[in-house]
Participant: 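Next up is a structure, given as structure tokens.
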Number of protein chains: 2
Amino acid sequence: VTTAIGIDLGGTKILAVLVRDGAVEAVAKRDTPREGPPAVLEALVAVARELGPDDLGCVGVGAPGPVVPGTGRVGPATNLPGWDRPIDVSTPVAAALGVPTELENDANAAAYGEHQLGAGAGSHDMLAVWLGTGVGGGLVLGGRLWRGRGLAGEIGHVVVHPGGRRCGCGGLGHLEAYAGRAAMEREARRRHADGRATRLVEIAGEKRMKSSVFAKALAAGDEVAAELVGEAVEAVGAAVGNAALLVDLDRVVIGGGLGERLGQPFIDRVVTAAGRRLDGSGLQIVPAQIGDEAGALGAALLAVDRYPR
Amino acid sequence: VTTAIGIDLGGTKILAVLVRDGAVEAVAKRDTPREGPPAVLEALVAVARELGPDDLGCVGVGAPGPVVPGTGRVGPATNLPGWDRPIDVSTPVAAALGVPTELENDANAAAYGEHQLGAGAGSHDMLAVWLGTGVGGGLVLGGRLWRGRGLAGEIGHVVVHPGGRRCGCGGLGHLEAYAGRAAMEREARRRHADGRATRLVEIAGEKRMKSSVFAKALAAGDEVAAELVGEAVEAVGAAVGNAALLVDLDRVVIGGGLGERLGQPFIDRVVTAAGRRLDGSGLQIVPAQIGDEAGALGAALLAVDRYPR
């Protein structure tokens with residue numbers, strides 16, 4: 001029996017799960033402190049202690065930034081205040097909790113969670129695509145998380161339209177500029193400012209245009225919402241199809257807020273957009289199954305792989 | 001000491017090398033028979049017998065079509081007359097020569113050759129891109145050829161311009177439609193027919209527009225040649241950059257007739273086109289080194305890996 005805690009460190013919340021023999025037995029949450037890295041590290045330790053079983057074997061942490069494999073450090077993390085450089089997470093957490101601690105990029109950890117216990121189960125070579133505020137991804141090859149030098153799976157910044165829409169990173173035509181919620185919101189407000197009436201702005205008002213806003217406007221037949229989601233479908237289809245072709249994937253899992261909210265009809269359109277070139281490849285494109293806990297679960301499972309009893 | 005023969009089965013010629021301890025000791029060639037698969041299989045055996053050392057350990061064959069790993073069969077192969085279905089190559093060649101025979105896709109075999117003894121030496125995760133009549137590729141991950149289910153490395157059919165120029169396969173906007181010699185020739189003749197004067201057609205006349213024709217027209221300042229090569233650069237840069245980002249490659253090797261003919265200045269432009277998003281990734285984009293023998297050499301080395309003494 002291996003007992004592990006997995007923690008997903010997000011920009012707004014920290015979510016921890018207690019995992020025993022591959023099943024989630026308890027969950028704990030708290031808001032992510034805004035006071036900088038030391039407060040965040042304390043919160044990671046505190047949330048683990050809250051779950052704290054007597055037989056804890058190891059801890060896994062998924063964090064929102066680049067992780068160079070084997071260093072235990074993550075950063076810079078633009079979603080975490082003051083986290084402007086690589087910061088060691090594994091050492092202080094392991095020292096405080098007295099068990100070995102594994103650190104992984106959050107998108108990678110969630111991909112591994114879906115592979116082991118979700119929509120990727122049974123697949124050999126899988127890509128997960130997370131359509132959230134931005135677009136992230138994680139690659140599992142030969143049943144193992146594929147890290148490269150720490151940057152693998154970064155599908156949000158593949159070019160889908162050369163010279164196209166500007167991405168938050170400054171590049172042109174990246175997938176994230178078409179299929180990330182924040183970029184879609186920017187584009188919706190731009191079209192609105194150009195004189196297009198749209199339910200997207202009516203519903204959201206001054207507030208953040210959440211995935212549910214896109215879903216509602218789409219269901220109401222809003223033209224701008226239909227255009228933006230259509231452009232997202234084409235972009236995701238092109239990027240996912242290209243990845244599948246290059247690596248010969250057998251499964252692509254699509255999740256994140258927008259992916260979950262738009263659901264199977266969205267996935268069906270992505271399959272069509274990915275194209276005939278994949279006929280006969282055996283590729284399956286499916287929705288994610290685990291939801292919010294995928295990252296924490298995946299981090300726990302990676303820790304168990306690394307530090308088996 | 002392992003002695004192997006590697007054979008590259010091409011649409012017009014068969015090239016065989018005798019490899020001893022990783023060095024090419026002899027080369028043999030012949031035209032590819034046009035009379036169908038049995039004649040081709042006989043020619044493979046004959047060219048191996050021509051080189052035939054007393055201590056032959058194994059044979060590797062690279063062939064121009066899809067190879068499902070472990071089956072010894074390749075096909076359909078559109079460049080080989082009558083090769084309209086998967087045909088067993090390994091069994092008859094092994095039976096005739098009395099040594100185990102490994103079969104691999106030709107683009108994959110050449111990628112492995114460059115990885116082991118050419119421009120990919122020392123890299124961990126590499127993509128080779130072959131800019132020939134069409135565009136092929138091969139992926140080496142963790143130092144080993146990555147086959148997937150037999151289709152991996154097919155970068156020629158990734159979409160670089162959604163809805164763009166029609167590819168020979170019928171798809172729209174594929175890399176091969178912009179950077180394959182045959183597609184570039186079709187586009188040059190189309191622009192010429194539309195009234196654009198171009199040295200490309202002047203030099204080639206009715207004959208095939210070879211890579212050297214593109215190089216000459218480009219050197220002479222021809223506008224259509226500059227446009228077509230510029231579009232090829234952008235397409236290769238986008239596709240290669242996307243692949244590097246997704247898998248976190250450390251090296252991309254660019255070869256094939258057009259790659260070799262246009263050389264380092266072309267590679268330098270591809271690096272720029274691949275973009276800033278790869279800064280800091282440690283990726284190197286370099287020209288292929290081995291030339292025509294890469295496929296035969298790679299096939300021999302794959303056979304040695306599979307059937308070590």
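Here is the naming used below: chain letters follow the sequence lines, and residue numbers restart at 1 for every chain.
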Participant: Of the non-hydrogen atoms in A:Ala177 and A:Ala183, which two are nearest, and what is the gap between them?
Facilitator: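 So the two residues come closest at O-CB, 3.5 Å.
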
Participant: Report the option among B:Gly142, B:Cys167, B:Gly275, B:Gly148 that has the most heavy-atom pairs separated by less than 4.5 Å from atoms of chain A.
Facilitator: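 The residue among B:Gly142, B:Cys167, B:Gly275, B:Gly148 with the greatest pair count is B:Gly148.
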
Participant: As a quick check of understanding, evaluate side chain to side chain contact (heavy atoms under 4.5 Å, CB included) for B:Val135 and B:Val129, giving each step before the final call.
Facilitator: CA-CA 7 Å; B:Val135 175; B:Val129 181; 4.1 Å; yes

Participant: Looking at B:Ala128 and B:Ala111, what are the two nearest heavy atoms and their distance?
Facilitator: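 Answer, listing the atom of B:Ala128 first, then B:Ala111: CB-CB, 3.6 Å.
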
Participant: Record all donor-acceptor atom pairs with a distance under 3.5 Å between chain B and chain A; write none if the list is empty.
Facilitator:
residue	atom	partner	partner atom	Å
B:Asp125	OD2	A:Arg149	NH1	3.4
B:Asp125	OD2	A:Arg149	NH2	3.2
B:Trp146	NE1	A:Val247	O	2.9
B:Arg149	N	A:Asp248	OD2	2.7
B:Arg149	NH1	A:Asp125	OD2	3.3
B:Arg149	NH2	A:Asp125	OD2	3.2
B:Arg149	NH2	A:Asp248	O	2.1
B:Gly150	N	A:Asp248	OD2	3.2
B:Leu151	N	A:Asp248	OD2	2.8
B:Gly153	N	A:Leu246	O	2.7
B:His157	O	A:Arg277	NH1	3.1
B:Val159	N	A:Asn242	OD1	2.7
B:Val159	O	A:Asn242	ND2	2.9
B:Asn242	OD1	A:Val159	N	2.7
B:Asn242	ND2	A:Val159	O	2.9
B:Leu246	O	A:Gly153	N	2.7
B:Val247	O	A:Trp146	NE1	2.9
B:Asp248	O	A:Arg149	NH2	2.1
B:Asp248	OD2	A:Arg149	N	2.7
B:Asp248	OD2	A:Gly150	N	3.2
B:Asp248	OD2	A:Leu151	N	2.8
B:Arg277	NH1	A:His157	O	3.1

Participant: Rounded to the nearest 0.5 Å, what separation is found between the CG atom of B:Leu141 and the CG atom of A:Leu141?
Facilitator: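 Rounded to the nearest 0.5 Å, the CG-CG separation comes out at 6.5 Å.
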
Participant: Within the 4.5 Å heavy-atom criterion, are A:Pro37 and A:Leu80 side-chain neighbours or not?
Facilitator: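 Side-chain contact under 4.5 Å: no.
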
Participant: If you apply the rule side chain to side chain contact (heavy atoms under 4.5 Å, CB included), what do you find for A:Leu245 with A:Leu278, and how did you get there?
Facilitator: CA-CA 7 Å; A:Leu245 201 64; A:Leu278 297 165; 4.0 Å; yes

Participant: B:Ile155, B:Leu139, B:Val247: which one forms the most heavy-atom pairs within less than 4.5 Å of chain A?
Facilitator: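 Between B:Ile155, B:Leu139, B:Val247, the count favours B:Val247.
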
Participant: Hey, does A:Leu175 have a side-chain heavy atom less than 4.5 Å from the side chain of A:Val236?
Facilitator: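 Yes, close enough: below the 4.5 Å cut-off.
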
Participant: Taking all atoms of both residues into account, what is the closest heavy-atom pair of A:Gly137 and A:Ala107, and its distance?
Facilitator: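 Taking every non-hydrogen atom into account, O-CB, 3.4 Å.
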
Participant: What residue in A:Gly171, A:Pro162, A:Ala238 has the most heavy-atom pairs under 4.5 Å with chain B?
Facilitator: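 Of A:Gly171, A:Pro162, A:Ala238, A:Pro162 has the most heavy-atom pairs under 4.5 Å with chain B.
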
Participant: What part of A:Leu246 gets within 4.5 angstrom of chain B, counting heavy atoms only: side chain, backbone, both, or neither?
Facilitator: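 Both the backbone and the side chain of A:Leu246 come within 4.5 Å of chain B.
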
Participant: Side chain, backbone, both or neither: which part of A:Leu249 has an atom under 4.5 Å from a heavy atom of chain B?
Facilitator: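 Interface part for A:Leu249: backbone (N, CA, C, O).
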
